[in-house]
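FYI, the numbering just counts along the sequence from 1. Both counts, for ligands and for their atoms, begin at 1 and track the order of listing. Keep in mind that what you see is a predicted model, and the values were worked out from it rather than measured.
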Amino acid sequence: MRNVHVDLGLKSYEIEIERGLLPRLGRKIKTLLPKAEKAAVITDSNVGPLYASVLKKSLEKEGIAVTVLTFKAGEESKNLQTLGTLYDGLAEAGLTRSDAVIALGGGVTGDMGGLAAATFLRGVAFIQIPSSLLATVDSSVGGKVAVDLPSGKNLVGAFYQPKAVYIDPDLLKTLPVRYLHDGLAEVIKYGCIRDRDLFVTLENIQNDAELLNRADEIIETCCNIKARIVEQDEFDNGERMLLNFGHTLGHAVEKTFHFDRYSHGEGVSIGMVLLTRQSEKLGLTEYGTADRIAALLQKFQLPVNVKMRQDDFLRAIALDKKKRGSSLTLILLKKIGDSFLQKVAFSNLPDFLPGK
Ligand code: GLY
């Protein structure tokens, strides 16, 4: 068992990482929330059929009545309409404040399940059981919960920390390979911003089988990095922004292609490389860094370039919620493992964009 403690005072919690954890979670959840008599398991149409019944059985064995609420898989479900149907499901299940909402799935499930938990009855205990690599290393940790609006991603949300995050790396075995690599882009990001050793470890991994074999230690390393950052800056006003390395350009790529050509991790992959090429040219990043990142990403079939004009980037970034006033904060690397925040006036942004 690997354990990462997230120290947030009264909101502190554990991230537990262990293969074969899922069928044993009933006992753990009963111990964590002894007053819970009911649980709503929120899941999607891909993950639910694979894993919800195992979790339900395990909870029922501990005397917890379970309602499974399943929504159609995909980012397009992460909206106020689906959230509304989840609220109806929670009300019909008769959930009370001493009960629990459990998100079983990837980033969409965790974000939307978390927002449901944060707001139903003004807050019900929330547990994350992430099933994708991206969710295990990023979205399930740190308490960001949200749904999208037609005008942008994650525009309605909250900071609402889970009571626990339970990671069973065996769940990754059923993850389609594209989404394994999607999550790997975020893993590589951690290496870039904070951990040269992690980056080198990933450089030495030859294929997906080896990656999955070493998933436990890799997830633990990433969760440790994220936990330390969130402890310093829970509400995303400073250091936590380092986690956005590659994301400003990446979101612009995702948005320009209407969120159906590139996944989140693929956008981040392109964003990390293109931004680092520019910051190398500006003398802000050690020479050769972009090529090294690109080589690692390409080994796992991640894209590192895109056909987009500078204007396309500017248009998409102008709508980005990370933009504050007339400037925005970009995350740049000094070198692999060493990152910093760079405030950039919107008028100077073209210097940091490709296509000039
Ligand atoms: N996914 C970035 C963060 O949690 O801040």
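A 4.5 Å side-chain heavy-atom check between D195 and Y190 finds every atom pair outside the cut-off.
Using modelled atom types, no side-chain atom of H181 and backbone atom of Y179 make a donor-acceptor pair closer than 3.5 Å.
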Show me the donor-acceptor pairs, under 3.5 Å and distance only, between side chains in residues 290-297 and residues at least two apart or in other chains.
unit_1	atom_1	unit_2	atom_2	d
D291	OD1	R277	NH1	2.9
D291	OD1	R277	NH2	3.3
R292	NE	E203	OE2	2.8
R292	NH2	E203	OE1	2.9

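Residues R194 and E239 are paired through a salt bridge, judged by an N-O separation under 4.0 Å between the basic side chain and the carboxylate.
I129 and V4 fall into different hydrophobic clusters, where Ile, Leu, Val, Met, Phe, Trp and Tyr are joined by side-chain heavy atoms under 4.5 Å apart, directly or via other members.
Sorted by chain and number, the heavy-atom contacts of ligand 1 below 4.0 Å come from D138, K144, K226, R240, L243.
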_Trace of the side-chain hydrogen bond (donor to acceptor under 3.5 Å, both in side chains) decision for T119 with Y87_ = CA-CA 9 Å; T119 47; Y87 288 141; 2.5 Å; yes

